[in-house]
Protein chains: 2
Amino acid sequence: MSSTEHHCCGHAHDRGILSEWTAHLQSAGHKLTKPRLAVLELLHRQEHPITNREIHAELSAECDLASIYRTMHLLLEMDLVQQFDFGDGTARFELVSPGGDSHHHHMICTRCSTVVEVDHCFPDSLSETLARHTGFKKITHKLEFFGLCPDCQ
Amino acid sequence: MSSTEHHCCGHAHDRGILSEWTAHLQSAGHKLTKPRLAVLELLHRQEHPITNREIHAELSAECDLASIYRTMHLLLEMDLVQQFDFGDGTARFELVSPGGDSHHHHMICTRCSTVVEVDHCFPDSLSETLARHTGFKKITHKLEFFGLCPDCQ
DNA sequence: CTTTCAATTGCAAGCGAATTGCAACTTGGC
DNA sequence: GCCAAGTTGCAATTCGCTTGCAATTGAAAG
């Protein structure tokens with residue numbers, strides 16, 4: 001499944017590690033540009049969702065802010081990133097493995113903005129109940145938790 | 001609890017119906033201004049959360065947009081309205097009875113934006129589990145559902 | 001009912017997130 | 001290497017929301 005390249009593991013130029021995403025882009029007829037690679041690489045290093053502005057702060061030399069927004073739209077369309085809304089007016093993005101089950105949520109501290117990943121979710125039966133009650137199809141949801149982290153209590 | 005006034009029931013000047021909210025405002029030392037009354041009255045007539053811009057469209061004669069934003073801040077602070085986020089970048093507001101349990105969510109059609117109220121929610125035990133797992137306190141959540149309504153399928 | 005003053009409003013300017021038009025520049029197929 | 005389509009950077013723009021300030025108004029006190 002993974003490519004046959006393996007360099008010494010590590011920093012710049014991670015074609016091997018990123019091939020999961022670059023392959024998708026290319027086979028859909030999109031170009032592998034320097035800005036796109038830089039954004040993918042940076043997203044890949046994150047533990048938590050990150051804003052476009054934060055990405056631009058790191059990549060201002062290699063990539064214009066507008067291009068970051070455009071790249072993120074592309075990745076969203078192709079389901080290569082997932083968008084989260086933490087309640088401040090700024091979108092956050094997380095790289096997801098194509099086809100992988102990445103369903104999760106976040107707990108955000110309302111005082112210091114610390115983020116903790118949350119794997120728990122309500123049972124699927126609830127969505128099914130809702131589908132029956134409302135007649136809606138293809139139901140998804142957005143769910144985030146807020147509270148006071150141990151340090152801020 | 002309710003006042004002794006009763007007119008013929010109806011439109012303008014619903015001091016009786018709105019007293020639940022106006023009383024709170026006044027006893028907290030806030031003025032009962034024309035803009036505030038107009039906003040309250042309009043909110044009271046809504047079945048679904050409404051945006052500040054939508055309110056202003058109806059009330060442009062009686063109330064500046066900035067005042068609507070300011071009124072909404074006030075009502076939020078006093079827990080007289082609840083704010084919802086439907087994923088477009090625009091806040092929506094719903095009047096809630098002071099002290100009443102208004103916990104609910106929404107199902108929003110991703111194509112035509114139809115809104116359906118959803119009373120179901122996941123069991124409280126989930127929040128408790130999360131509190132134990134994460135160490136967070138005073139946990140709240142934001143949850144909205146998205147899907148295709150019967151007409152749009 | 002008038003006075004009085006702090007709270008509130010309207011207006012216009014301002015801010016940050018996100019989008020867009022366009023000329024210049026890459027990417028990747030030939 | 002060449003070329004066309006896709007992409008980028010830049011600057012200007014939109015959109016939701018906020019803010020400073022002078023003018024107005026609600027309501028408490030006289």
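Scope of the values below: all heavy atoms of this structure, side chains included, with no hydrogens, waters or symmetry mates. So you know, we letter chains A, B, ... as the sequences are listed, proteins then strands, and number each from 1.
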S.K.: Using a cut-off of strictly less than 4.0 Å, decide whether A:R53 has a side-chain nitrogen or oxygen near OP1 or OP2 of C:dG16.
M.R.: no
S.K.: Nearest to the side chain of B:A91 - C:dT27, D:dC17, C:dA18?
M.R.: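 Side chain of B:A91 sits closest to D:dC17.
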S.K.: If you compare all heavy atoms of B:L143 against all heavy atoms of B:H105, which two are closest, and at what distance to 0.1 Å?
M.R.: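 Residues B:L143 and B:H105, closest heavy atoms: O-ND1, 2.9 Å.
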S.K.: Name the nucleic acid region contacted by B:R70, choosing base, sugar-phosphate or nothing; use a 4.0 angstrom heavy-atom cut-off, strictly under.
M.R.: base
S.K.: Side chain of B:H73: nearest nucleotide among C:dA7, C:dT20, D:dT18?
M.R.: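 Closest nucleotide among those given: D:dT18.
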S.K.: Can a side chain N or O of A:Y69 be found less than 4.0 Å away from OP1 or OP2 on C:dA18?
M.R.: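 Yes, because at least one side-chain N or O of A:Y69 sits under 4.0 Å from OP1 or OP2 of C:dA18.
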S.K.: Quick check on D:dT8: is either OP1 or OP2 less than 4.0 Å from any side-chain nitrogen or oxygen of A:T33?
M.R.: yes
S.K.: Send over the distance from A:N52 CG to C:dT20 C1', rounded to a whole Å.
M.R.: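 Atom-to-atom, A:N52 to C:dT20, this comes out as 16 Å.
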S.K.: Can you see which heavy atom on A:P49 is nearest to which on A:F84, and at what distance?
M.R.: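 So the two residues come closest at CG-CD1, 3.7 Å.
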S.K.: Can you see if the side chain of B:Q26 gets near the phosphate of D:dG26 - specifically, an N or O under 4.0 Å from OP1 or OP2?
M.R.: no
S.K.: At less than 4.0 Å, is any side-chain N or O atom of A:S67 found next to OP1 or OP2 of D:dT7? Yes or no.
M.R.: no
S.K.: So what does B:H56 hit on the nucleic acid, given a heavy-atom distance under 4.0 Å: a base, only sugar-phosphate, or nothing?
M.R.: nothing
S.K.: B:I55 versus B:N52: any side-chain heavy-atom pair under 4.5 Å?
M.R.: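 Yes, close enough: below the 4.5 Å cut-off.
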S.K.: Which residue lies toward the 5' end of DNA chain D, B:H30 or B:F93, if each is placed at its nearest nucleotide?
M.R.: B:F93
S.K.: From the set C:dA18, D:dC10, C:dG28, return the single nucleotide nearest to any side-chain atom of A:K31.
M.R.: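 When the side chain of A:K31 is considered, C:dG28 is the closest of C:dA18, D:dC10, C:dG28.
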S.K.: Of all heavy-atom pairs between B:W21 and B:V96, which one has the smallest distance, and what is that distance?
M.R.: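 So the two residues come closest at NE1-O, 2.8 Å.
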S.K.: If you check every side-chain atom of A:R36, which of D:dC17, D:dT8, D:dA27 has the closest atom?
M.R.: D:dT8
